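Notes follow the structure.
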Protein chains: 2
Amino acid sequence: MTTIYDVARRAGVSPATVSRVFNGTRVSPEKIEAVRAAAEELNFTPNRAARTLRTQTSEVIALVIPDIENPYFTEMARGVEDVASEAGYSVVLCNSDSQTEKEATYLQIAIAEHMSGVIIAAASKATDLDSILSTGRPVVAVDRATRHELDLVVMANREAGVAATESLIAAGHRRIAYIGGPEDIDTAAERAAGWREALAAAGRDADIDELQRFATFRVDGARAAMEELLALPDPPDAVVAGNNLIGVGAIQVLTEHGLTPPAVGVAVVGSLPFTTLSPTAVTMVQLPARHMGVTAARMLLERIAGDTHPARTVVLRGETRQATARRSA
Amino acid sequence: MTTIYDVARRAGVSPATVSRVFNGTRVSPEKIEAVRAAAEELNFTPNRAARTLRTQTSEVIALVIPDIENPYFTEMARGVEDVASEAGYSVVLCNSDSQTEKEATYLQIAIAEHMSGVIIAAASKATDLDSILSTGRPVVAVDRATRHELDLVVMANREAGVAATESLIAAGHRRIAYIGGPEDIDTAAERAAGWREALAAAGRDADIDELQRFATFRVDGARAAMEELLALPDPPDAVVAGNNLIGVGAIQVLTEHGLTPPAVGVAVVGSLPFTTLSPTAVTMVQLPARHMGVTAARMLLERIAGDTHPARTVVLRGETRQATARRSA
DNA sequence: TTGAAAGCGCTAACAG
DNA sequence: CTGTTAGCGCTTTCAA
C-alpha cells in the first residue's frame with residue numbers, strides 16, 4: 001500500500017500538499033504536476049478508510065429497497081445511481097427483502113461506515129429510522145411513506161388506481177376485481193382506494209369486498225389470488241393489478257385458464273417488465289420509476305450539501321397506456 | 001458519536017477490553033456483561049472506518065455486474081448476497097453498464113475502501129484487473145471469462161446453444177436463425193458456436209451466416225435484429241435467442257408481426273423474466289443464475305479465508321424446458 | 001485476563 | 001502557497 005507519504009517523498013513535497021492536490025485546494029502548478037507524476041508512478045490510490053475516519057464522512061449513499069428482483073426498483077436504482085455517480089458518490093444497494101431486521105442491519109452499516117445519506121423504500125410502516133436519524137444523516141423516503149417526517153418521493157397512487165380502473169370500465173367490463181399488495185404498505189392501500197373510488201363513481205361497487213384481494217407484491221402471491229378470484233361463483237371479467245409483478249402473476253394464471261387478455265380485462269398499475277404481450281392487450285399505468293430515483297437522489301444530495309428546508313413531498317404522476325383491444329365476445 | 005472510550009469509561013474498563021468484547025477475544029464474563037450494558041445504554045456502534053484503517057480489511061465485497069436491470073444478474077446478486085450476509089459480509093452492488101471505465105472506477109473504490117474481494121461479470125475481454133489483483137485481493141469471475149487466470153463460475157454455454165437449437169430442430173423448424181450478444185463476450189460466442197454445431201449436425205447449416213445476428217444483450221438490440229431477419233427474402237421460421245432479454249425483444253417483434261410463438265419457433269438461452277406467455281410456447285434453456293452467485297460467493301469467501309489453490313473453474317449446466325406447442329400450420 | 005500506548009493513512013488547523 | 005503536527009477510533013503488541 002503506497003501512502004501520501006511515499007508520494008510526498010517522491011515528489012519532494014509534504015504529505016499535506018499531496019492531500020491538497022487530491023482534494024482540490026490551491027497548490028502551485030509545478031507541485032501539482034510533480035505530485036500527479038509521483039502518484040502515477042507509484043500507482044497510488046488514496047485510502048478511503050483513513051479519509052473517512054478523519055473527515056467523519058464518506059461519499060457513499062445507501063439505497064435500501066425491498067426487492068432487488070423487481071424491475072421497478074432496479075429502474076429506480078438506475079436513476080439514483082446516475083445522479084449519484086455524476087456527483088462523485090457511490091451507491092451501495094441494499095436488499096431488505098421486505099424484512100425490517102435486514103433493513104435495520106443495513107442502516108447500522110450505513111452509520112458505522114459513515115455513509116453520507118440513505119434513500120429507502122421502507123419495508124413497512126414498522127421501519128424504524130430513529131437511530132439513523134439521530135446521527136443527523138439525511139434520509140429520503142421513496143415509493144412509500146414512513147412514520148417519520150422526511151423528504152418523500154412517491155407516485156400518485158390513488159390516481160393511478162383510478163385510471164387503471166376507469167380504463168377497464170371504459171372497455172365495458174362489469175365485474176372488476178383488484179389484487180393489491182399488503183394492507184400495511186401505503187402504496188397498496190392507496191391504489192386500492194383508487195379502485196374503490198372509480199367503481200363507486202361508476203355505480204359498479206356491488207360485491208366490492210368480495211372482489212378485493214391482498215397479496216404480496218410478488219408473482220406468486222398474485223397467482224394464488226387470481227386463482228381464488230376465478231374460482232368465485234361469479235368470477236370477475238376484469239382485474240386491476242396493484243403492481244407490475246402482480247400483473248404478471250394474474251396474466252399468467254389467466255393465460256393458463258385460456259383467458260389471455262383481453263378475454264379478461266387487465267389493467268396494471270406499473271409497467272409490465274419485459275412483456276411479450278401485444279401492447280394493445282393490457283392497460284398499463286406506467287410509473288416513472290427512474291425519475292423517482294433521480295428526484296430522490298437530487299434531494300438527498302441537497303440535504304447532504306446542508307439544505308435545511310422542512311421536509312418536502314414530491315408526487316410523481318403515472319402515464320396511462322390504454323389497452324385498445326376489446327374482448328372478442 | 002460514541003466511541004469505545006466512552007463505553008470503556010462507563011463500564012469501568014479499558015478501551016482495549018471493549019474492543020476485545022466486540023471481537024470475541026477472551027474477556028471475563030463480568031466485564032463482558034458490563035461492556036455490553038454500557039454499549040447498549042450509550043447506543044454504541046463501532047466505527048468501521050477506524051477498524052478498517054487499523055486492520056487493513058473490511059467485511060465488504062464488491063459485486064460488479066454489467067446490467068442491473070437484467071433479472072439474470074439480479075438473481076445472481078441474490079445468490080451472492082445470501083451467502084455473503086450469512087457469513088457477515090455486506091455486498092456492494094456495482095453497475096458497470098457494460099463500460100470498462102465504470103468498471104475501473106468501481107475497482108478503484110474496492111481498493112480504496114479495503115474491500116475483502118470482488119466478484120465480477122466482466123464487461124468484456126478488455127476488462128483490466130491487474131491493478132486490483134496486484135493488491136492481493138481475491139477476485140472471482142462469473143458468467144464470463146476474463147483474460148486473467150482467476151476462479152471462474154460460468155454456464156455451459158455451448159451446450160445451452162446446442163440444446164436450444166436442437167429443440168427447434170425437433171419441432172420441425174427448417175431455417176433457424178440466431179440472435180446473440182456482442183462477439184467479444186465469450187458467453188455470446190460460445191452460445192453461437194453451439195447453434196452452429198447443432199445446425200451442422202442436422203445438415204441445416206446452409207445460409208448459416210445470413211441467419212446470424214450480433215446484437216447487444218438487451219431488448220432494443222434484439223428487436224432491431226429480429227426485424228432484419230424478418231425482412232430477409234427468405235425469412236427464418238425459428239430463432240434462437242442468445243439471452244433472456246434478446247428473447248423478449250425477438251418475441252415482441254414477432255408478436256407485432258402477428259407471428260406469436262409457436263407460429264415462429266423460439267428457443268431462449270436463459271429464462272424469460274416474468275413471462276406472461278404460455279409455458280408451452282417457447283423453449284427455455286434455464287440457467288441457474290442464483291446458483292452461480294452462491295457458488296461464486298462461496299469460492300470468494302474461501303479465498304478470503306486464505307485458500308491458495310490454483311484457480312478453479314466451475315461450469316453450471318442449464319436445464320431445458322422444451323416447448324410442447326407446435327406450429328398450427 | 002487486562003491496561004498502556006503506538007500507529008493505521010489521512011485532513012485540517014496553524015504557523016510561516 | 002506550503003510544511004508541521006495533532007488527532008479521527010480502533011486494534012494489537014507488550015508488559016503487568
Side-chain angles (χ1 to χ4, degrees), chain A residues 1-36 38-39 42-60 88 108-116 135-137, chain B residues 1-36 38-39 42-60 88 108-116 135-137:
Chain A
M1 188 88 250
T2 71
T3 72
I4 51 171
Y5 287 88
D6 304 321
V7 176
R9 203 175 313 123
R10 177 133 189 164
V13 300
S14 76
T17 299
V18 177
S19 172
R20 291 189 185 107
V21 169
F22 279 88
N23 291 287
T25 356
R26 290 218 63 76
V27 176
S28 74
E30 311 86 66
K31 305 223 165 179
I32 289 184
E33 196 34 57
V35 169
R36 287 233 177 288
L42 297 174
N43 195 7
F44 168 70
T45 305
N47 182 327
R48 287 216 190 191
R51 179 173 208 286
T52 298
L53 176 60
R54 179 61 227 238
T55 61
Q56 307 279 38
T57 170
S58 81
E59 274 75 47
V60 177
Q108 276 309 308
I109 293 178
I111 297 173
E113 300 264 15
H114 287 289
M115 296 182 192
S116 298
T135 69
R137 283 186 180 65
Chain B
M1 185 91 253
T2 71
T3 74
I4 51 171
Y5 287 87
D6 305 322
V7 176
R9 203 174 316 120
R10 176 132 189 167
V13 300
S14 76
T17 298
V18 177
S19 172
R20 291 189 184 107
V21 169
F22 278 88
N23 291 286
T25 356
R26 287 219 64 75
V27 176
S28 72
E30 311 85 66
K31 303 220 163 178
I32 290 184
E33 196 32 59
V35 169
R36 287 233 176 287
L42 296 174
N43 195 9
F44 168 70
T45 305
N47 181 326
R48 287 216 191 191
R51 178 173 210 286
T52 297
L53 177 59
R54 179 59 227 236
T55 61
Q56 306 279 38
T57 170
S58 81
E59 275 74 48
V60 177
Q108 277 309 309
I109 293 177
I111 296 173
E113 299 264 14
H114 287 288
M115 296 182 192
S116 298
T135 68
R137 282 186 180 67

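Convention: sequence-line order gives letters A, B, ...; per-chain numbering from 1. Computed from a predicted structure; not experimentally measured.
Minimum atom distance to the side chain of A:T3 is reached by C:dG9, of the listed C:dG9, D:dC1, D:dT4. The side chain of A:N47 has C:dG9 as its nearest neighbour among C:dG9, C:dT11, D:dC8. Of the candidate nucleotides D:dG3, D:dC10, C:dT2, D:dG3 has the atom nearest to the side chain of A:A16. Closest approach to the A:I4 side chain among D:dT2, C:dT11, D:dT11 is made by C:dT11 (side chain taken as heavy atoms from C-beta onward). Looking at the side chain of A:V13, the nearest of the listed nucleotides D:dG3, C:dT11, C:dC10 is D:dG3. In the set C:dT11, D:dT11, D:dT13, the nucleotide with an atom closest to the side chain of B:R20 is D:dT13. Out of D:dG3, C:dT1, D:dT11, the shortest distance to the side chain of B:R26 is found at C:dT1. Here the nucleotide nearest the side chain of A:Y5, chosen from D:dT2, C:dT2, C:dC10, is C:dC10. Here the side chain of A:F44 is nearest to one of C:dT2, C:dC10, C:dC8, namely C:dC10. The nucleotide whose nearest atom lies closest to any side-chain atom of B:T55 is, among C:dG3, D:dT11, C:dG9, D:dT11.
Contact annotation for B:T17: backbone-only contact, meaning every heavy-atom pair under 4.0 Å involves sugar-phosphate atoms and none involves a base.
The nearest whole Å value for the distance from the CD atom in B:Q56 to the C1' atom in C:dG9 is 8 Å. Remark: P of D:dC10 and CZ of B:R48 are 13 Å apart, rounded to the nearest angstrom. Between the C1' atom of D:dC10 and the NE2 atom of B:H114 lies a distance of 14 Å, rounded to the nearest Å. D:dG3 atom P lies 14 Å from atom CZ of A:R9, rounded to whole Å. Counting to the nearest Å, the P atom of D:dT2 and the CG atom of A:N23 are 15 Å from each other. Straight-line distance from the CG atom of B:L53 to the C1' atom of C:dG9: 5 Å, rounded to whole Å. If you measure from atom CD1 of B:I111 to atom C1' of C:dC10, you get 18 Å, rounded to the nearest angstrom.
In terms of position along DNA chain C, the nucleotide closest to B:G12 lies nearer the 5' end than the nucleotide closest to the other residue of the pair B:A50 and B:G12. Residue order along DNA chain C, read from the 5' end via each residue's closest nucleotide, puts B:K31 first among A:A49 and B:K31. Residues B:T45 and A:P29 both approach DNA chain D. Their nearest nucleotides, taken by heavy-atom distance, put A:P29 toward the 5′ side.
The closest side-chain donor-acceptor pair between A:T52 and A:E113, if any, does not fall under 3.5 angstrom.
Panel note: side chain A:R48, backbone B:I109; no donor-acceptor pair is recorded below 3.5 Å.
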Using side-chain contact (heavy atoms from CB on, under 4.5 Å), reason through B:T45 and A:Q108 one step at a time and then give a plain yes or no.
CA-CA 8 Å; B:T45 305; A:Q108 276 309 308; 3.0 Å; yes

With side-chain contact (heavy atoms from CB on, under 4.5 Å) as the test, would you mind laying out the steps for B:V7 and B:V35 before giving the verdict?
CA-CA 7 Å; B:V7 176; B:V35 169; 4.2 Å; yes

I would like to know whether B:Y5 and B:V18 meet side-chain contact (heavy atoms from CB on, under 4.5 Å); could you show each step before the answer?
CA-CA 8 Å; B:Y5 287 87; B:V18 177; over 6 Å; no

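The side chain of B:S28 contributes an N or O atom lying less than 4.0 Å from OP1 or OP2 of C:dT2.
On a pure distance criterion of 3.5 Å, no polar donor-acceptor pair joins the side chain of B:R54 and the base of C:dG9.
Taken from CZ in B:R51 to CD in B:E59, the straight-line distance is 5.0 Å, to the nearest 0.5 Å.
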